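The shown structure was predicted, so the numbers you read here are calculated from the model rather than taken from an experiment.
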Amino acid sequence: MLLISFLESNLLAWVATVACLGLIVGSFLNVVIHRLPIMLEREWQSHCADLKGGQTPATEPYNLVVPRSRCPHCGHAIGAFENIPVLSYLLLRGRCRACKARISIRYLLIEIISGILSGWLAWHFGFGWPALGALLLTWALLALAAIDLDKQLLPDMITLPILWLGLLFNLGHTFTDIRSALIGAVAGYLSLWCVYHGFRLLTRKEGMGYGDFKLFALLGAWLGWQSLPLIILMASASGALVGIGLILSRRVQRGIPIPFGPYLAVAGWIALLWGPQLTHAYFILMGGA
């Protein structure tokens, strides 16, 4: 209780504590980002084998806890010293301690981003339930964005529980009222569902995946239906600009799908912090024009 009282009364200590927690969570998010798609792939293979009447090959347990993290190049088990967020990567100079193979800088970036965003949220919301909710939402969005970038996949194992959690938080009007949250969840899903099917009817192509619908519904559940126009506007504009830039620079070919989840995640996080102010500024700008 003394610690809680101290953190509640000392903003700097609260921000520093949450930032350190964000670094630790970022290390765990790296595990989620790497392992969850593999877990889902194994589960799908098992279901396919069951449907075909075959037997699924016996494999060792594989989840977010076991087996112990290892170097993908030499199989070296990662020790506690090698698993300190940020510091271990810097001390090891981004290489495996055993075989000296290079470790992806993504691990470092996820930890740093998680730490910075967590500290920012602690400063923005202060001590209380809104900060806790914002942290949980942010960590989920960070994991979803990274997985979508890697695999073009937005796992239901993250989106659906976080969607329901957003509704629970808003029972107490944490970010919006529960009516706006419920309408936001429904409107978020159905709006992109309609766009998807309209695009498919016109072009006979699929413009996005069902994971995008659920992610948009998740953001609506947390932030209310009022935030959805701002989120989709920012996500679509930034996605279009990046996509055009990649095509012009010939880094991707025309027709190659680009994941939309990261743009929704970034737009949703911006709306979490400054949604009403940005919406108000937009209407003032349009009224002045």
Side-chain angles (χ1 to χ4, degrees), residues 3 13 15-46 56-122 132 134-162 165 211 215 259 261-262 265-266 269:
L3 177 60
V15 172
T17 301
V18 173
C20 291
L21 175 63
L23 293 175
I24 297 171
V25 171
S27 181
F28 174 71
L29 291 180
N30 277 320
V31 177
V32 174
I33 292 163
H34 174 73
R35 294 195 180 193
L36 188 54
I38 298 175
M39 291 164 53
L40 292 174
E41 184 177 357
R42 292 188 176 192
E43 184 179 346
W44 296 332
Q45 290 174 348
S46 176
T56 305
T59 57
E60 65 175 0
Y62 190 90
N63 52 50
L64 299 180
V65 179
V66 295
R68 186 174 167 184
S69 296
R70 299 178 181 275
C71 172
H73 301 282
C74 67
H76 166 68
I78 306 299
F81 167 77
E82 302 163 87
N83 214 21
I84 303 172
V86 178
L87 185 61
S88 291
Y89 188 96
L90 297 177
L91 291 175
L92 293 170
R93 298 182 180 179
R95 295 185 180 274
C96 171
R97 185 179 182 184
C99 68
K100 306 303 179 184
R102 186 170 294 280
I103 303 171
S104 173
I105 197 172
R106 187 195 70 187
Y107 294 96
L108 176 65
L109 293 177
I110 292 294
E111 292 172 354
I112 291 176
I113 291 171
S114 178
I116 291 174
L117 296 186
S118 299
W120 197 335
L121 291 172
L132 175 60
L135 286 168
L136 295 174
L137 175 59
T138 297
W139 294 334
L141 291 177
L142 183 55
L144 287 168
I147 292 173
D148 202 23
L149 279 173
D150 270 354
K151 305 293 184 180
Q152 295 192 10
L153 173 69
L154 293 167
D156 288 349
M157 291 178 66
I158 299 177
T159 52
L160 296 183
I162 298 299
L165 188 61
L215 177 55
V266 172
W269 193 83

Beyond-backbone contact of [X] with [Y], side-chain heavy atoms, under 4.5 angstrom:
| X | Y | value |
| --- | --- | --- |
| Leu144 | Pro155 | yes |
| Ser118 | Val25 | no |
| Ser69 | Asn83 | no |
| Leu121 | Val18 | no |
| Trp139 | Ile162 | no |
| Leu36 | Ile158 | yes |
| Val65 | Val31 | no |
| Leu142 | Trp269 | no |

Look at the side chain of [X] and the backbone N and O of [Y], then say whether any donor-acceptor pair between them is shorter than 3.5 Å.
| X | Y | value |
| --- | --- | --- |
| Ser114 | Ile110 | no |
| Arg102 | Gly94 | no |
| Asp148 | Gly261 | yes |
| Glu111 | Pro85 | no |

To the nearest 0.5 Å, what is the distance between [atom1] on [X] and [atom2] on [Y]?
| X | Y | atom1 | atom2 | answer |
| --- | --- | --- | --- | --- |
| Ile103 | Ile78 | CD1 | CD1 | 6.5 Å |
| Phe81 | Leu91 | CZ | CG | 5.0 Å |
| Leu132 | Leu137 | CG | CG | 11.0 Å |
| Met157 | Leu64 | CE | CG | 6.5 Å |
| Trp120 | Leu135 | CH2 | CG | 14.0 Å |
| Leu29 | Ile24 | CG | CD1 | 12.0 Å |

Search all heavy atoms of [X] against all heavy atoms of [Y] and return the closest pair with its distance.
| X | Y | value |
| --- | --- | --- |
| Asn30 | Tyr107 | ND2-O, 3.0 Å |
| Arg95 | Lys100 | NH1-O, 3.1 Å |
| Ala265 | Leu215 | N-CD2, 4.4 Å |
| Ala77 | Glu82 | O-OE2, 3.9 Å |
| Pro67 | Tyr62 | CD-CD1, 3.5 Å |
| Ala145 | Pro262 | O-CG, 3.6 Å |

Heavy-atom count around Arg35 CZ within 6.0 Å, excluding the residue itself: above 12?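 Yes, enclosed.
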